[in-house]
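Below is one structure, written out as structure tokens; comments come after it.
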Amino acid sequence: LKRRSNASWVVDNYTAAYPWELLQDSVSDARPLCVNAGMIRQLSIRDTPFKITTVSSNAALVVGDPSLDGYINQLPGAYAEAGMVAAKMQGFDINTTISLKDKSSAVIKKLFSKDYKIIHLAGHGLYNDKEPSQSGMVIGKEIFLTTAEIAQMSSVPEFVFVNCCFLGKTDGYAEALYKSRYQLAASIGVQLIRNGVKAVVVAGWAVDDSAALDFADHFYNAMFAGDNFGDAVKKARTFCYENHPNQNTWGAYQCYGDP
């Protein structure tokens, strides 16, 4: 760490819940370790029970700000992020299925309509502490898109980007869950890797809209330019750290890779 070398952080279900990306090597005037060098998470044990079918089509699904019919508030930032990502993918000749402000039935229909190499999700998220595998993206009133649905796809995507801010309420029980919001990202990231996804980016807490847009923009630009996963993540983190100094969005994203 002192040499500021790129590092692969090997985590299990328990240690994945810690925000390692926020580490720095001194208490003042220090750049975070994940900004100085590449920091990618790797799952210590992969016990995938599925037969993984490789996706051959160059296709992507982008879901942003599903229609929630007043169940909870809509997220203009998620809508903007999804629109930007979809346009970027289309610009790189990726066959992109777009789901913006769709109802839950339309989201599920598009999810299972074809095989996708890339899935990008932006919206509300909920962590289920009793059944962590049921944590996921809110796509309707008490309807969630979870890792279980992705596991049921005929082909597992190679890459999934999840930017789901935590759904918080005011009662004591919900407040306790809000404090464990970082576990939402850990739960989703770990389970997607176990399901056979090769690389995952998932936000650990609600991020600043502008910084989140920049992170996704610079990450995809680097990936499509030919950078490897770790370098693309580092470039996106560094840009957010330097250009959004009053935000911690640079440290919000847990990035899992399966070497």
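All residue numbers in this chain count up from 1 along the given sequence. Only a predicted model underlies this, so the values are computations on that prediction, with no experimental measurement involved.
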For residues 103-110, run the donor-acceptor check on the side chains, cut-off 3.5 Å, and write out each pair with its distance to 0.1 Å, sequence neighbours left out.
| unit_1 | atom_1 | unit_2 | atom_2 | d |
| --- | --- | --- | --- | --- |
| Lys103 | NZ | Asp69 | OD1 | 3.0 |
| Lys103 | NZ | Asp69 | OD2 | 2.9 |
| Lys110 | NZ | Ile98 | O | 2.8 |
| Lys110 | NZ | Asp102 | OD2 | 2.7 |

Could you pull out all residues at least two apart from Asn58 that satisfy side-chain contact (heavy atoms from CB on, under 4.5 Å)?
Ile94
With the side chain counted from C-beta on, respond yes when Arg41 and Trp20 share a heavy-atom pair under 4.5 Å apart, and no when they do not.
yes
For Phe215, all residues meeting ring pair (Phe, Tyr, Trp, His ring centres under 6.0 Å), sequence neighbours excluded:
Tyr253
Taking the six-membered ring for Trp and the single ring otherwise, decide whether the centroids of His120 and Phe159 are under 6.0 Å apart.
no
Donor + acceptor pair across side chains of Ser8, Gln42 (<3.5 Å)
yes
Please list every donor-acceptor pair under 3.5 Å in which a side-chain atom of residues 207-214 meets a protein atom from a residue at least two apart or in another chain.
| unit_1 | atom_1 | unit_2 | atom_2 | d |
| --- | --- | --- | --- | --- |
| Asp208 | OD2 | Ser210 | N | 3.2 |
| Asp208 | OD2 | Ala211 | N | 2.9 |
| Asp214 | OD2 | His244 | NE2 | 2.7 |

Pairs involving residues 79-99, ordered by first then second residue, that meet ring-ring contact (aromatic ring centres under 6.0 Å, His included) (sequence neighbours left out):
Phe92-Phe224
Between Asn221 and Lys88, is there a side-chain heavy-atom distance shorter than 4.5 Å?
yes
For Leu100 and Ala82, work out which heavy atoms get closest and say how close.
CD2-CB, 3.5 Å
Per the salt bridge (charged side-chain N to carboxylate O under 4.0 Å, His left out) rule, what does the pair list look like for residues 230-239, sequence neighbours excluded?
Asp227-Lys235
With Ser99, the side-chain contact (heavy atoms from CB on, under 4.5 Å) member among Leu121, Ile139, Val63
Val63
